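Have a look at the structure below before the remarks.
Chain letters run A, B, ... following the sequence lines, proteins first, then strands; residues in each count from 1. The structure presented is a predicted model; accordingly, all values stated were derived computationally and were not measured.
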Number of protein chains: 2
Amino acid sequence: MNAVFEALSHPVRRKIIQQLKKGPQSAGELADMFELTKPTMSTHFAKLKKANLVSTKRDKNTIIYSLNMSILERALAELIDFGGEKN
Amino acid sequence: MNAVFEALSHPVRRKIIQQLKKGPQSAGELADMFELTKPTMSTHFAKLKKANLVSTKRDKNTIIYSLNMSILERALAELIDFGGEKN
DNA sequence: TATCTAATTAGATTATTATCTAAATAGGTG
DNA sequence: CACCTATTTAGATAATAATCTAATTAGATA
């Protein structure tokens with residue numbers, strides 16, 4: 001849960017999530033939507049992945065990111081509904 | 001929206017929110033629940049206030065914090081439901 | 001196998017955040 | 001008015017996060 005909210009704290013990462021709600025996209029496609037270098041985008045992806053908010057699969061040379069909506073929903077629901085943190 | 005998610009990124013601030021769901025509490029009462037100094041807690045309160053997640057009123061010498069649940073709900077709903085950010 | 005493409009890792013720098021102690025403020029109360 | 005209590009502000013330091021360029025990795029293909 002901590003990792004999820006840390007991931008959500010940066011506007012670029014929230015925008016990546018919005019993009020992935022439309023469907024899976026490659027690291028390169030996502031990176032091209034922002035005025036940041038690819039290594040920088042890569043560290044943003046890594047934080048989303050660490051929080052388990054995204055999954056990856058490889059398709060030839062490209063890495064495809066997709067959103068784990070359930071992880072997002074669960075974290076937000078816990079914050080709204082429950083008394084304490086899960087971790 | 002940015003300020004809300006920045007506020008939510010710190011575990012102490014999320015715990016403050018959980019506490020305030022039970023009802024309004026003073027700065028001192030909240031501070032006593034954590035092993036942090038009062039000035040440190042005060043900066044956490046300030047971030048919650050900046051995000052408009054909490055309101056304050058004064059009762060004699062003490063400052064009473066209360067949760068603005070609607071602000072929290074709105075931010076989380078936007079993240080889940082909508083395509084883009086509001087700010 | 002040499003090389004090309006896509007993506008990540010290394011290493012450095014800058015900016016931001018969290019935290020502390022000490023000082024200041026704002027209202028009560030004797 | 002002098003002081004007491006609760007809280008915040010100032011100023012400093014340490015820890016963390018964001019970003020870049022350069023180098024590396026992993027797989028595909030000529």
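Counting to the nearest Å, the P atom of dT19(D) and the NE2 atom of H10(A) are 4 Å from each other. The separation between L8(B) atom CG and dA18(C) atom P is 12 Å, rounded to whole Å. Rounded to an integer number of Å, the gap from CD of E29(B) to P of dT7(D) is 8 Å. Rounded to a whole Å, the CZ atom of F45(B) is 14 Å from the P atom of dA6(D). When rounded to the nearest whole Å, the span between NZ of K57(B) and P of dA6(D) equals 18 Å. For the pair F34(B) CZ and dT19(C) C1', the interatomic distance rounds to 15 Å; values are reported in whole Å. Separating the CG atom of L36(B) from the C1' atom of dT17(C) is a distance of 13 Å, rounded to the nearest angstrom. Regarding R58(B), its CZ atom lies at a distance of 9 Å from the P atom of dA26(C), rounded to whole Å.
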Chi angles and distances behind the side-chain contact (heavy atoms from CB on, under 4.5 Å) call for L72(B), L53(B): CA-CA 6 Å; L72(B) 179 61; L53(B) 282 167; 3.8 Å; yes
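Using a 4.0 Å heavy-atom distance criterion, T40(A) is classed as a base contact. Counting any heavy atom pair closer than 4.0 Å across all strands shown, K47(B) reaches sugar-phosphate atoms only and no base atom. S26(B) comes within 4.0 angstrom of sugar-phosphate atoms only, judged by non-hydrogen atoms across all strands, and of no base. Residue T37(A) is in base contact, counting any heavy-atom pair closer than 4.0 Å across all strands shown.
Within the 4.5 Å cutoff, the side chain of L20(B) has no heavy atoms near those of the M69(B) side chain. At least one side-chain heavy atom of I17(A) sits less than 4.5 Å from a side-chain heavy atom of L8(A). In this structure, I16(B) and M41(B) have side chains that are in contact, with non-hydrogen atoms separated by less than 4.5 Å.
One distance of note links CD of E73(A) with CG of N68(A); it measures 11.0 Å at 0.5 Å rounding.
Nearest to the side chain of P39(B), among dA17(D), dA7(C), dT8(D), sits dT8(D). Among dT8(D), dA17(D), dA7(C), the nucleotide with an atom closest to any side-chain atom of E6(A) is dA17(D).
Remark: dA10(D) base-pairs with dT21(C); criterion is Watson-Crick or G-U wobble with both hydrogen-bond distances under 3.5 Å.
Contact annotation: H44(B) side-chain N/O to dT19(C) OP1/OP2 distance is under 4.0 Å. Side-chain nitrogen and oxygen atoms of Y65(B) include at least one within less than 4.0 Å of the OP1 or OP2 phosphate oxygen of dT8(D).
The nearest heavy atom of DNA chain D to K49(B) and to D59(A) marks one nucleotide each, and the one closer to the 5' end goes with K49(B). Along DNA chain D, the nucleotide nearest N61(B) and the nucleotide nearest A46(B) are compared for position; the residue whose nucleotide lies closer to the 5' end is N61(B).
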